[in-house]
Protein chains: 2
Amino acid sequence: MKLINQLSKETGIPIGTIRFYEKSGLIKGELKPEVKTNNYVYYGEEAADKLRFILMAKAVGFTLHEIKEVIDMWYEKTISKKAQLKVLDQKLLQIDEKISELNAMKAQIFICKTNIQNR
Amino acid sequence: MKLINQLSKETGIPIGTIRFYEKSGLIKGELKPEVKTNNYVYYGEEAADKLRFILMAKAVGFTLHEIKEVIDMWYEKTISKKAQLKVLDQKLLQIDEKISELNAMKAQIFICKTNIQNR
DNA sequence: ATAAAGTATGAAGTATACTATATAGTTTAA
DNA sequence: TTAAACTATATAGTATACTTCATACTTTAT
């Protein structure tokens, strides 16, 4: 269990952003009931994993809302198996679409490069 | 050559957004000098191609600024071949990074699915 | 013991990317 | 010919995702 500063250093995500993600319901830390002099929040590996996932997903254009949909499936036990798998399968489709679009972009850029070289 | 309404219908991008992209320097229409009763702007296939490229690039998380960098190489003749190819090669690297991240996300989601199924 | 560094909270500010509104002129179809 | 539809311009407003600031308390290092 680590404090926000360590979590920030570990993931490369600024403290302010981590707090913003926590307020947005993407990650969750916990108070240690035995600590009574302060209200410092502690984060486990789960939070670190989620932050790393957020970084990846954001880099490929998913919104925080879309990311939350997946993350909620991650550890959520109250939703039916079927519903959980459905959400995840939808995301897999979206990911494949994005991969297709990236490949289409590559093709376009190759064409553009060829045009430039033949000038 | 088409007016903004037709361009919008062809690409699925709202007129307001097209105007915003033009103001941002991503696309460019032209006035017809022979038309003197109005100042309607006409767009060619180049603008339509660029808009389709913008759609793809945005879907995979590129910012308008990053997209503009590529688009400027597209038809720009004032920049040296070498500089143009350098920018495009950088984008190709970024695209490959994004594909890697998408594959990593797929792997994570598969693990998550397996966990759910084994509950 | 005290200054520096870390933590929590709330509120305001910023950047990006639109989206809507108001105004005014132009074109087109009934 | 006139009302509906289209176009241009400028300005303001909105949503998302942070980022900064102010305040106050706690911990840590010297």
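In what follows, every chain begins at residue 1, and chains take the letters A, B, ... in the order their sequences are listed.
Computed from coordinates, the B:Leu51 CG to C:dA17 P distance equals 15 Å when rounded to whole Å. The distance between atom CD1 of A:Ile27 and atom P of D:dC18, rounded to the nearest whole Å, is 12 Å. Atom-to-atom, CG of A:Leu26 to P of D:dA17 comes out at 9 Å; the value is rounded to the nearest Å. The interatomic distance linking A:Leu31 (CG) with D:dC25 (P) rounds to 18 Å, in whole Å. The interatomic distance linking B:Glu66 (CD) with C:dT16 (P) rounds to 12 Å, in whole Å. The OH atom of B:Tyr42 sits 10 Å away from the C1' atom of C:dT27 (whole-angstrom rounding). Between A:Phe62 atom CZ and D:dA17 atom C1' the separation is 17 Å, expressed in whole Å. Atom NZ of A:Lys68 is separated from atom C1' of D:dC18 by 18 Å (rounded to the nearest Å).
One finds no side-chain N or O of A:Ser24 lying less than 4.0 angstrom from the OP1 or OP2 phosphate oxygen of D:dA17. A close approach under 4.0 Å does not occur between any side-chain nitrogen or oxygen of B:Asn38 and OP1 or OP2 of C:dG25.
Checked for salt-bridge contact, B:Lys50 and B:Glu22 miss the test: no charged N lies under 4.0 Å from a carboxylate O. A salt bridge links A:Glu45 with A:Lys2: the closest approach of a Lys/Arg side-chain nitrogen to an acidic carboxylate oxygen falls below 4.0 angstrom. The pair A:Asp49-A:Arg52 counts as a salt bridge, with a side-chain nitrogen and a carboxylate oxygen less than 4.0 angstrom apart.
Within a 6.0 Å sphere centred on NZ of B:Lys86, heavy atoms belonging to other residues, nucleotides or ligands number 12 at most. The 12-atom threshold is not exceeded at NZ of A:Lys28, counting heavy atoms of other residues, nucleotides or ligands nearer than 6.0 Å.
Remark: B:Gly16, B:Thr17, B:Phe20, B:Tyr21 in residues 1-23 of chain B come within less than 4.0 Å of DNA chain C through at least one heavy atom.
Taken to the nearest 0.5 Å, the CG atom of B:Asn115 stands 9.5 Å off from the CH2 atom of A:Trp74.
You'll find the side chain of B:Phe110 reaches within 4.5 Å of the side chain of A:Leu92, heavy atoms only.
With C:dA17, D:dT27, D:dA17 as the candidates, the nucleotide lying closest to the side chain of A:Tyr40 is D:dT27. Listed nucleotides: C:dC18, D:dC18, C:dA8. Nearest to the side chain of A:Leu64: D:dC18.
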